[in-house]
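Taking it in order: structure first as structure tokens, then the write-up.
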Amino acid sequence: MAAGRYLAVDQALLIDVLPDKQAAGRDLGLGSMSFSFGQAIGPVVAAQLVALTGGYGVVRVLSLLTAVAAAAAVMPVKKVR
């Protein structure tokens with residue numbers, strides 16, 4: 001349920017911050033593609049890191065750094081409208 005709520009709010013925010021309403025389909029497609037790309041490439045990268053390092057420590061640190069970078073990227077979005 002939490003993932004469904006998050007995705008609904010994420011999609012609503014994405015729609016509200018579109019730069020050009022006439023090109024909404026293209027922009028929403030890019031957003032969807034970037035979301036899917038992360039889900040597709042994440043397990044591959046994580047598996048390689050576990051194989052190279054012998055544990056999940058590096059994966060956890062990289063996940064933390066990625067989450068912090070994502071939060072920093074969203075912080076400037078103060079007002080949608």
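Numbers here simply count residues along the sequence, with the first being 1.
Put simply, the side chain of Ser36 never gets that close to the backbone of Met33: no donor and acceptor are under 3.5 Å apart.
In the hydrophobic clustering of this structure, Ile15 does not group with Val9; members are Ile, Leu, Val, Met, Phe, Trp, Tyr whose side-chain heavy atoms approach within less than 4.5 Å, directly or through other members.
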Side-chain polar contacts of residues 48-77 - donor-acceptor pairs under 3.5 angstrom, sequence neighbours left out - could you list them?
{"from": "Thr53", "atom 1": "OG1", "to": "Leu49", "atom 2": "O", "distance (Å)": "2.7"}
{"from": "Thr53", "atom 1": "OG1", "to": "Gly55", "atom 2": "O", "distance (Å)": "3.2"}
{"from": "Ser63", "atom 1": "OG", "to": "Val59", "atom 2": "O", "distance (Å)": "2.8"}
{"from": "Thr66", "atom 1": "OG1", "to": "Leu62", "atom 2": "O", "distance (Å)": "2.8"}

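Considering every non-hydrogen atom in both Pro43 and Gly38, the closest pair reads CD-O, 4.5 Å. Among all heavy-atom pairs drawn from Leu28 and Gln11, the shortest one is CD2-NE2, 3.7 Å.
The hydrophobic cluster around Met1 extends to none of the other residues, as no ILVMFWY side-chain heavy atom falls under 4.5 Å of it.
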